[in-house]
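These numbers were taken from a predicted model, which means no experiment stands behind them. Start at 1 and go down the list; that is how both ligands and their atoms are numbered.
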Amino acid sequence: MRAHAERLDGLGTTIFAEMSALAVATGSVNLGQGFPDQDGPDSLLEGAIAAIRSGANQYPPGRGIPALRQAIVDHQQRFYGLAYDPGTQVLVTTGATEAIAAALLAYVEPGDEVIALEPYYDSYAAGIAFAGGRRVPVTLRAPSYRLDLDELRAAVTPRTKVLLINSPHNPTGTVLTDEELRGICAVALEHDLVVITDEVYEHLVYDGTHRPLASYDGMADRTVSISSAGKTFAVTGWKIGWVTGSPEVVTAVNTAKQFLTYVSGAPFQPAVADALALGNDYYDGLRAGLRSRRDLLADGLGEFGFEVHRPAATYFITTDIRPLGYTDGIDFCRQLPERAGVVAIPHQVFYDNTEAGKPLVRWAFCKRPEVLQEALIRLQKL
Ligand SMILES: *Cc1c(COP(=O)(O)O)cnc(C)c1O
């Protein structure tokens, strides 16, 4: 048989598959993949069960059920003061992952350049490749991971079509500042670029605040805003995401989405609609619980001598491993399960400019405190 298409070159199997297999083989505590080990609120889980029992099991409307589209609109208004029309400006997708892929397919012509912040979330490279685009990195450099706006401006060429932004940012945990967001908007406006913004960690900000790119002047019509229920409600396996934007943007993304999956998770949609309307106590409690886990793991890793980059947001802490005498995060992470019974993820795999990520390792803290404690006990062996 002939070899597979070139667009798969370099995609291989994900680091998460390799590391999760190692975790199982060695009985390690898995702080690799970013999924919570406790499920979301009971009312949400019961909502999906009730929806299945009451017959929400066939194709829902392509853009999402009306109740969920309305709940997304209400959420954008409540948290950010952004107004959308539920009929034309919202699209429910199969997770943020599908939204990102569909947005790239909708806007990237073969040969177009997509500027993305590296380290990248791993599906970005694949999504850009599937669309025939070329990715152009702008590096967020440790330890502060600030965006260098001069570097961003220098990355723009006549072939640049899309800025793919992620804030709060995985894996660094950084939240773009107001100045950085303004800089991104200025570049987008000056060069007439589409901005695809992945904001799945919008509610997991511990220091500072999240401000959506779409809320900046002039951005409403050129921004594809993406979020998801997975992280906000601790149901990463449900894959209910959404896009908000102008009617033209939503129609374009839906044109691609309808032939990727057609529709998304019928019984999960009413459950997520109810969850989005939960009171501030839910959102505050989510943040407070994760903040204390962040601090538990960050303090512990710091005591071992790692240089800890305490994140302002997300599920992840990054450490520089050089103070412990290591230089290569990939080697370190491959040995860690055997040596200490813990799995973590090397940053390097999320960069084109691999040198910038070489000594950096990512640890997920979205786990029960006793699991984090156990990981710290095991790491004493290092
Ligand atoms: C988890 C994650 C996603 C994927 O979200 P789904 O809704 O599970 O598809 C997208 N972007 C980032 C940055 C993530 O961390």
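Donor-acceptor pairing under 3.5 Å is lacking for the side chains of T244 and Q89.
Using a 4.0 Å cut-off between a side-chain N of Lys or Arg and a carboxylate O of Asp or Glu, E151 and R141 qualify as a salt bridge. Comment: D331 does not engage R334 in a salt bridge, judged by the lack of any side-chain N to carboxylate O separation of less than 4.0 angstrom.
Near ligand 1, residues G95, A96, T97, Y121, N166, N170, D198, V200, Y201, S228, K231, K239 each place a heavy atom inside the 4.0 Å sphere around the ligand atoms.
In summary, of the residues considered (W363, Y201, Y206, F365), a ring-ring contact (aromatic ring centres under 6.0 Å, His included) with Y315 occurs for Y201 alone.
Each ring pair (Phe, Tyr, Trp, His ring centres under 6.0 Å) pair with one or both residues in residues 154-197, not counting sequence neighbours, would appear here, but there are none.
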Requested in this report: Check the pair S28, T26 against side chain to side chain donor-acceptor pair (under 3.5 Å), reporting the backbone distance first and the verdict last.
Outcome: CA-CA 5 Å; S28 290; T26 56; 2.6 Å; yes
